[in-house]
Each structure stands twice: as structure tokens, then as C-alpha cells.
Amino acid sequence: MIKVVKFGGSSLASAQQFSKVGDIIRADETRRFVVPSAPGKRNSKDTKVTDMLYSCYALAEQDQEFKTELRKIKERYTSIINGLNLTLSLEDEFKKIEEQFKAKAGSDYAASRGEYLNGIIMANYLGYEFIDAAEVIFFDENGLFDADKTDKVMSARLSKLENAVVPGFYGSAFDGSIKTFSRGGSDITGSIVSKAVKATVYENWTDVSGCLVADPRIVDNAQPIKVITYRELRELSYMGASVLHEDAIFPVRKAGIPINIKNTNDPTAEGTMIVANTCQKSEYTITGIAGKKGFVAVSIDKDMMNSEIGFCRKALSAFEENGISIEHMPSGIDTMTVFVHQEEFEGKEQQVIGAINRECNPDAIELESDLALIAVVGRGMKSTRGTAGRIFSALAHANINVKMIDQGSSELNIIIGVSNADFENAINAIYEIFVLTKI
Ligand code: ASP
């Protein structure tokens with residue numbers, strides 16, 4: 001049994017948090033490979049070390065004085081080292097970083113130092129070997145992650161080791177410089193390491209006890225999800241639920257390795273298991289609810305639309321030509337409605353309408369703005385009668401007007417359109433009918 005454990009920034013923000021992490025790792029000897037993030041916020045007013053590094057490097061890039069900012073970053077690490085009573089010194093590392101900043105080594109290099117230095121401290125603290133991610137994670141000439149080369153090099157390197165710390169978030173670009181993943185990318189490193197060592201499970205430690213059925217900023221006391229499939233998670237993350245970096249799913253999903261989201265501040269809580277398949281029913285018919293505000297519905301009407309070959313293609317090409325991505329497309333017999341992001345659409349509205357008029361010659365085009373989309377997701381919906389009925393009676397009781405309904409043929413989700421103003425109430429009404437009544 002091999003576990004890869006990734007710890008997020010808030011789990012490593014201070015010496016106190018580091019020692020919780022140490023206890024977690026030492027409590028289970030199968031936790032052999034550790035992927036740390038950079039130190040995160042210690043409290044709501046604090047700044048993440050990654051953000052400090054970006055702003056410090058921005059000064060260096062403009063030939064402004066950056067040493068004061070760099071000293072503040074160094075102090076974050078020194079307080080962790082001292083708090084853990086380690087004899088480690090990062091003096092030489094900071095000298096090198098200062099030189100590289102002066103030489104304008106790039107903002108990716110700068111940001112990556114957050115995890116690099118935290119990795120050195122973590123390895124020293126645990127007595128594990130430190131592996132610089134630049135030696136085992138690679139990007140290709142197009143700047144894309146090179147999965148094959150990485151897997152080959154990393155698995156050869158790690159297979160010789162009992163334990164190791166591999167810092168998250170970065171690797172080597174094709175030209176040998178440092179390149180990072182997008183923000184939150186340490187999750188991806190954890191997933192890549194899990195695949196390379198053929199881990200039994202990828203534990204992703206954060207500051208919440210797993211994924212919740214709904215956004216806790218909208219629903220009070222939202223319940224945790226025990227088991228969720230990759231597909232369900234993808235639907236929920238697409239609609240705004242954020243637990244894990246989206247790209248972190250692919251490496252482990254391919255290798256069939258489950259992800260366990262765990263809470264560093266409550267290590268005995270089960271957390272959420274993210275799996276490929278499961279026969280375990282979700283507790284409440286639905287697995288989760290998520291949603292986003294800020295859509296416009298463009299409804300195109302034309303008599304006998306259904307018999308006009310190529311109508312949809314022509315209408316959609318009006319959006320494509322103007323670089324507008326389409327979110328949803330419910331349709332009637334003589335109407336098709338296209339949901340687009342309001343922010344993206346507003347500036348190009350007249351060009352799109354003009355193109356639809358030219359291409360399709362419709363009877364009418366109507367626009368409705370300030371709409372929200374809500375996804376109710378659950379593998380259990382397929383085998384349960386009346387799910388849609390319950391959603392709509394809950395919304396009707398809450399006096400919410402449903403503007404759009406769209407159920408995917410996989411029966412994994414139902415998408416509902418409501419006005420932005422009804423968004424929070426709608427999510428609460430759906431949550432209540434499924435979770436609080438426990439059916
Ligand atoms: N430290 C990086 C960030 O703040 C990567 C991560 O934490 O996953 O985005």
C-alpha cells in the first residue's frame with residue numbers, strides 16, 4: 001500500500017500547521033510520498049507566499065527595490081523553521097533567489113520558489129529525501145505538460161526511494177527554465193506523483209472535510225459528500241464547485257487511483273472519496289448542487305424551424321464566428337435558446353444578433369439577461385423516480401420561477417435556469433428537499 005499525500009497552503013501556513021501535518025504523516029507509514037504547496041494564509045488578512053512572490057518579482061522586473069519584500073518572504077519561512085526547532089538554514093537559497101530575480105528569471109521561476117522552499121523544509125522536518133520537481137516534471141515545446149516523459153523519469157526516480165518530498169506546482173519547461181501549472185496546481189503534482197508510484201490512494205489534505213453537497217457560503221451547515229464519481233465531480237466543478245484543480249483529475253483517473261479529500265484540522269473525519277465507479281448509493285438521491293450566475297438566454301424563433309435543415313448549425317456559427325462559447329442549448333419545436341456568459345456576450349451582442357439575422361432569417365430574437373444556471377448532480381437520479389418533480393415542486397413552493405430545464409441523457413444532472421436574484425433561494429430550496437428530508 002502506497003499513499004501520496006498532498007498538503008495545501010493553509011495546511012502549511014505556519015509551524016503549528018506543519019506539526020499537524022507531521023503527525024498525520026507519521027501516523028501512517030504508507031504515507032510515503034509528500035507533495036507540499038507554498039505556505040498559505042495564516043488568517044483571513046494574511047497573504048499567501050505565492051502572491052508575495054509574484055508581487056516581489058514584479059518589482060524586480062521593473063528594476064525597483066525588491067529586497068524588503070523578499071525579506072518578508074524569508075521571514076515566513078524562518079518562522080516555520082524556528083517554530084519547528086530545525087537547524088536548517090535557507091540563507092544560500094535566498095541568495096540564489098535574489099540573484100535570479102535580478103537576472104529576471106521569470107515570474108514562473110519566482111512563484112515556484114514558494115513550494116520549492118517549503119519542500120526543503122518539509123523534507124528536513126520529516127527526514128525524507130527532497131526531489132526538486134524540475135528534475136521529474138516536464139513540459140513539451142508547446143508548453144503543455146509532457147505526461148509520458150514525466151511518468152518515465154519520475155517513476156524511475158521514485159521507485160528507488162522509500163520516502164520523498166516532491167514540491168507541488170512546477171516543473172521544467174522545454175528550454176530547461178522553470179514553468180508552473182496554473183494557480184492551485186500543486187493538486188496536479190500530487191496526482192502525477194500518485195500515478196508514477198502507482199499509489200493505492202491519493203490523499204489531498206486541505207482545510208475542509210471534503211466536498212460539500214452545496215456551497216457553504218449559500219447553504220448553512222452544508223453536509224459533506226462521502227463518495228463522488230469523477231464524472232459527478234466534473235459536472236459540479238464545471239458549475240463552480242471548487243475543491244480540486246480540474247486538471248488534477250486526469251492522471252489518477254487514467255490510472256484508476258481514488259482521491260481522498262481530507263481535512264488537516266480534523267484528520268479523523270472521513271472526508272470525500274472521489275472514485276471512477278461505485279455501487280454505493282449517494283445518501284440523498286442527489287450528490288451535489290452547484291451553480292453560476294451571469295448568463296444571457298438568446299432565444300431564436302422561426303416557424304417550421306424543425307424542418308429547416310442546417311438551422312441550428314447556422315445559428316451556432318454566429319456565436320462561433322464571434323468567439324462566444326455556449327453554455328447550454330435547450331430547444332423547442334420552433335425555438336432554440338442559447339445560454340451564453342453575459343460578460344463575454346455584452347460587448348459582441350449586436351454582431352451576434354446581426355449574424356443570426358443574416359444566416360437564419362428568424363421571426364424573432366429575444367434576449368433575457370441576469371440568469372443563473374444551477375446543476376443538480378447525482379448518479380442516484382437515474383434509478384429514482386420523481387427527482388425532477390421534487391426539484392420543481394420545491395422551487396414552486398419557494399416562489400421561484402423556473403426559466404429553463406435541461407436534463408442530460410445520462411441522467412447524471414438536471415440543469416435549471418432561474419433569475420440571478422433567485423439563485424441562492426433556489427439552491428437552498430433544492431438542498432432542503434433532498435438533504436434535510438433525507439430522501
Ligand atoms: N501555491 C500555488 C498557488 O497559490 C499552487 C498551489 O497552492 O496549489 O496557486
Side-chain angles (χ1 to χ4, degrees), residues 4-14 17-18 20-21 33-58 69-70 72-74 76-77 80 90 93 97 105-123 130-134 136-137 139 143 145 150 165-173 178-195 202-208 210-211 233 237 241-252 259-265 274:
V4 170
V5 286
K6 179 257 164 180
F7 291 90
S10 58
S11 302
L12 299 168
S14 62
Q17 288 298 88
F18 248 83
K20 285 187 198 167
V21 166
F33 298 97
V34 182
V35 176
S37 282
K41 293 183 181 194
R42 290 161 294 187
N43 53 60
S44 57
K45 292 199 186 85
D46 206 6
T47 312
K48 290 171 96 175
V49 165
T50 310
D51 293 322
M52 295 170 85
L53 283 160
Y54 277 123
S55 11
C56 180
Y57 183 72
E69 292 308 309
L70 195 58
K72 284 188 198 152
I73 296 168
K74 193 171 165 195
R76 290 285 311 259
Y77 289 103
I80 295 173
L90 294 178
E93 294 293 348
I97 293 171
S107 60
D108 277 21
Y109 166 82
S112 74
R113 297 305 88 183
E115 327 333 77
Y116 171 81
L117 296 169
N118 232 17
I120 293 178
I121 299 179
M122 178 66 88
F130 172 76
I131 307 278
D132 187 349
V136 287
I137 292 186
F139 294 87
F145 169 60
T150 299
V165 174
V166 184
F169 192 37
Y170 71 93
S172 278
I178 295 287
K179 181 170 166 56
T180 62
F181 292 108
S182 56
R183 295 299 304 265
S186 297
D187 283 341
I188 309 175
T189 310
S191 184
I192 294 167
V193 173
S194 301
K195 180 166 189 289
Y202 166 25
E203 287 183 348
N204 187 296
W205 291 80
T206 173
D207 52 10
V208 287
C211 316
L233 184 69
S237 340
S242 66
V243 220
L244 203 64
H245 192 298
E246 283 224 334
D247 295 344
I249 294 186
F250 298 105
V252 283
I259 306 173
N260 192 186
I261 309 280
K262 299 272 287 174
N263 187 351
T264 301
N265 303 318
I274 307 170

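All of these numbers come straight from a predicted model, not from anything done at the bench. Whatever order the structure lists them in is the order used to number ligands and atoms, beginning at 1. Residue numbers count from 1 along this sequence.
- The option from R183, H245, E115 that lies nearest to atom 4 (O) of ligand 1, judged by heavy atoms, is R183.
- The option from P167, A111, S186 that lies nearest to atom 6 (C) of ligand 1, judged by heavy atoms, is S186.
- Proximity of G168 to ligand 1 is not established, as no heavy-atom distance is less than 4.0 Å.
- Separation of atoms OH (Y57) and CG (D108) is listed at 9.5 Å; rounding is to 0.5 Å.
- Of the polar atoms of F169, none of the N or O atoms is found under 3.5 Å from an N or O of ligand 1, judged by distance alone.
- Note on ligand 1: G185 sits in its first shell, one or more heavy atoms being nearer than 4.0 Å.
- Side-chain contact check for K6 versus V193: every heavy-atom pair is 4.5 Å or farther apart.
- With no hydrogens or angles considered, a side-chain donor-acceptor pair links E115 and S186 at under 3.5 Å.
- When only interatomic distances are considered, the shortest N/O to N/O separation between S37 and ligand 1 falls below 3.5 Å.
- Ring geometry for W205 against F7 counts as parallel: the plane angle stays under 30°, on a 0 to 90° scale with 60° as the upper cut.
- The heavy-atom pair separating K179 from F139 by the smallest distance is O-CE1, 3.5 Å.
- Checked against a 3.5 angstrom limit, the closest N/O atoms of T50 and ligand 1 fall inside it.
- Under the 3.5 Å distance criterion, with hydrogens and angles disregarded, a donor-acceptor pair is assigned to the side chains of D132 and Y170.
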